[in-house]
Amino acid sequence: QVQLVESGGSLVQPGGSLRLSCAASGSIFSINDMGWYRQGPGKQREVVAAISSSGSTTYADSMKGRFTISRDNAKNTVYLRMNSLKPEDTAVYYCNAEVVAVERGDYRYLEVWGQGTLVAVSS
């Protein structure tokens, strides 16, 4: 089966930077869009950024100019570089991928979520 594993979450001071990684593994035929979401304390999950298979990117307004999403297709990995972090960026960050999985000739379209990685922005 397919799974996503996030890494890179940490405690960081306001104004600091962090890079998150998310690697997909399993019986993957192809990966279409990938993205990052986050869920802060007492909040609903919200989109942070997304990137298509061709490299086109979109960002939530509050992240524009601060966050950068990228991907390495050879590694089935998506990254999120976060700069100028603010306390309100504190959240569990989840990666997401739209995957075509294959097993013994059986192809399935899946939306897969990682377990999340905690980013805490505090002095």
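Predicted, not measured: the structure shown is a model, and the values here were computed from it.
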N/O donor-acceptor pair under 3.5 Å between Arg81 side chain and Thr68 backbone: no
Contact list for residues 38-50, test side-chain hydrogen bond (donor to acceptor under 3.5 Å, both in side chains), sequence neighbours left out: Arg38-Glu46, Arg38-Asp89, Arg38-Tyr93
Side chains of Asn73 and Arg71 in contact at under 4.5 Å (non-hydrogen atoms): yes
With a cut-off of 3.5 Å and sequence neighbours excluded, list every side-chain donor-acceptor pair involving residues 25-36.
from  : atom 1 : to    : atom 2 : distance (Å)
Trp36 : NE1    : Tyr79 : O      : 3.4

Test item: Tyr94 and Leu20 side chains (from C-beta on) under 4.5 Å apart, heavy atoms: no
Any residue meeting side chain to side chain donor-acceptor pair (under 3.5 Å) with Ser52, in chain and number order, not counting sequence neighbours: Ser54
Counterpart residues, side chain to side chain contact (heavy atoms under 4.5 Å, CB included), relative to Ser10 (two or more places apart): Leu18
Only distances under 3.5 Å count here; give the side-chain donor-acceptor pairs of residues 111-123 to other protein atoms, sequence neighbours excluded, each with its distance to 0.1 Å.
from   : atom 1 : to    : atom 2 : distance (Å)
Glu111 : OE2    : Asn96 : ND2    : 3.2
Thr117 : OG1    : Gly9  : N      : 3.0

For Ala50, side chain to side chain contact (heavy atoms under 4.5 Å, CB included) partners two or more places apart: Thr58
Pairs satisfying disulfide bond (SG atoms under 2.5 Å apart), at least one member in residues 62-93, at least two apart: none
Minimum heavy-atom distance Cys22-Leu4, with the two atoms named: SG-CB, 3.7 Å
Interatomic distance, Met63 atom CE to Ser84 atom OG [nearest 0.5 angstrom]: 13.5 Å
Contacts of type side chain to side chain donor-acceptor pair (under 3.5 Å), residue Glu98, not counting sequence neighbours: Tyr109
Pairs touching residues 28-61 that satisfy disulfide bond (SG atoms under 2.5 Å apart), sequence neighbours left out: none
Residue pairs, two or more places apart or on separate chains, that pass disulfide bond (SG atoms under 2.5 Å apart) and touch residues 43-79: none
Pairs satisfying salt bridge (Lys or Arg N to Asp or Glu O under 4.0 Å), at least one member in residues 6-31, at least two apart: none
Under the side chain to side chain donor-acceptor pair (under 3.5 Å) test, residues paired with Ser17 that sit two or more places apart: Asn83
